[in-house]
Amino acid sequence: MPELPEVETTRRGIAPHVEGRVITEVIVRQARLRVPVPADLVERLVGARIGTLARRAKYLLVPLEGEAPGTLLWHLGMSGSLRLTRLGELPKKHDHLDLVLGDGAILRYHDPRRFGFVDWLAGSTQQDARLARLGPEPLSPAFDGERLHRLSRGRRLAVKPFLMDNAVVVGVGNIYAAEALFLAGIDPRRAAGRISRGRYDRLARAVREVLVAAITQGGTTLRDFVGGTGEPGYFKQRLNVYGRDGEPCRRCGAELRLVTLGQRASVFCGHCQT
DNA sequence: ATATTACCCTGGAGGC
DNA sequence: TGCCTCCAGGGTAATA
């Protein structure tokens, strides 16, 4: 499940193999993704040169240089992955899209649940509504306890869905929201507006800590992943609460509890998180 | 305005 | 063994 760390490690993993290459062929096997693959995608891409890859939130941005410059906006959804393969390597089930590059490499998109998408942006990426309304990157200076405190005043929403709101901060999904709240010792059910500045400072640090740790782990997995042999599970052994309901808290031994917040399973320690 | 819910989709897990 | 239901996930739109 691609969270921000996996999108980032995907970007780092594929960048050296795709940047500067020319797209010679585009194969669309399944156009019905979360957003339909644009009908003119193939003609726009063939002949274009790939620029420097970027990431914004969980979006991968692929700039394309050529007669009609633009940017691919790529989201891996929940089950999507990108890997490099070679001409002659037969596609497997759910391999929806291939970008064939001039040197015979193929950037192949795989997504069983099709929650991801590839879209084409002709103009500035900032003009796209999906990007324009995003909050700051969690690893940037613009994200801190002061921001969390300020935006949460008067909000009765539980702090966990508040933290997962992309207008507040991007890239914090269900897994890392739960983990950060555990590290910060905050009960995920607590109303966002009733948490002190000091506790938000600690939460912002916890978000950074867990994402940086996961990116480090994801990097290891990605080498295999990009090479085509690896599978998810990269950060699993480090999780304190996510997916561990009923098991003992690693800090105090109390049985971890499961509640639903904003339609999302939320595991926490009723003793360590207040 | 904020808060909540439904929906897109498939596969894996668990119950029977 | 197979059928059934439920759940997972991010983001957007619709509704309360």
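To find a chain, count down the sequence lines: A is the first, B the second, and so on, and within it residues start at 1.
Contact check, A:Lys93 against B:dT10: no side-chain N or O comes under 4.0 Å of OP1 or OP2. Distances shown here put every side-chain N or O of A:Arg34 at or beyond 4.0 Å from the OP1 or OP2 atom of B:dC8. Between A:His94 and B:dC9 there is no side-chain polar atom (N or O) within less than 4.0 angstrom of OP1 or OP2. When the side-chain nitrogen and oxygen atoms of A:His75 are compared with OP1 and OP2 of C:dG11, one or more of them lie within a distance under 4.0 Å.
Computed from coordinates, the A:Tyr109 OH to B:dC9 C1' distance equals 11 Å when rounded to whole Å. The distance between atom CZ of A:Arg264 and atom P of C:dC6, rounded to the nearest whole Å, is 18 Å. For the pair A:Met164 CE and C:dG10 C1', the interatomic distance rounds to 8 Å; values are reported in whole Å. Between the CG atom of A:Leu33 and the P atom of B:dT10 there is a distance of 11 Å, rounded to whole Å. The CZ-P distance, from A:Arg113 to C:dA8, rounds to 11 Å in whole Å. The distance from atom NZ of A:Lys160 to atom P of C:dG10 is 9 Å, rounded to the nearest whole Å. Atom CZ of A:Phe115 and atom P of B:dC7 are 12 Å apart (whole Å). Computed from coordinates, the A:Leu73 CG to C:dG10 P distance equals 17 Å when rounded to whole Å.
You'll find the side chain of A:Glu3 stays beyond 4.5 Å of the side chain of A:Glu6, heavy atoms only. Residues A:Ile106 and A:Leu87 form a side-chain contact, since some pair of their non-hydrogen atoms from C-beta on lies under 4.5 Å apart. Using a 4.5 Å heavy-atom cutoff, the side chains of A:Tyr176 and A:Pro5 are in contact.
Evaluation of the side-chain hydrogen bond (donor to acceptor under 3.5 Å, both in side chains) test over residues 93-102 of chain A, restricted to residues two or more places apart or in two chains, returns A:Arg29-A:Asp98, A:Asp95-A:His110, A:Asp98-A:Arg108. Listed by first then second residue, pairs satisfying ring pair (Phe, Tyr, Trp, His ring centres under 6.0 Å) with a partner in residues 22-67 of chain A read A:Tyr59-A:His75, not counting sequence neighbours.
Checking C:dG10, B:dG11, C:dT12 against the side-chain heavy atoms of A:Arg133 singles out C:dT12 as nearest. With C:dA8, B:dC9, C:dT12 as the choices, the nucleotide that has an atom nearest any side-chain atom of A:Tyr59 turns out to be C:dT12. Comparing atom distances between the A:Ala265 side chain and each of B:dC9, C:dG10, C:dA8 picks out C:dA8 as nearest.
A:Ser79 places no side-chain N or O within donor-acceptor distance of the main-chain N or O of A:Gly77, the cut-off being under 3.5 Å.
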Q: May I have the step-by-step check of ring-ring contact (aromatic ring centres under 6.0 Å, His included) for A:Trp74 and A:Phe117, ending in yes or no?
A: CA-CA 6 Å; A:Trp74 213 321; A:Phe117 64 84; 9.9 Å; no
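Counting heavy atoms of neighbouring residues, nucleotides and ligands inside a 6.0 Å radius, atom CZ of A:Arg194 does not exceed 12 of them.
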Below 3.5 Å between N/O atoms, which protein atoms pair up with nucleotides 3-5 of chain B? Just atom names and distances, please.
from  : atom 1 : to       : atom 2 : distance (Å)
B:dA3 : OP1    : A:Arg156 : N      : 2.7
B:dA3 : OP1    : A:Leu157 : N      : 3.0
B:dA3 : OP2    : A:Arg155 : NE     : 2.5
B:dA3 : OP2    : A:Arg155 : NH2    : 2.9

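Residues that satisfy the salt bridge (charged side-chain N to carboxylate O under 4.0 Å, His left out) test with A:Glu65, not counting sequence neighbours, are absent from this structure. Contacts of A:Ala167 classified as side chain to side chain contact (heavy atoms under 4.5 Å, CB included), with partners at least two apart in sequence or in another chain: A:Asp165.
For residues 165-173 of chain A, proximity to DNA chain C is found at A:Asn166, A:Gly173, defined as any non-hydrogen atom under 4.0 angstrom from a strand atom.
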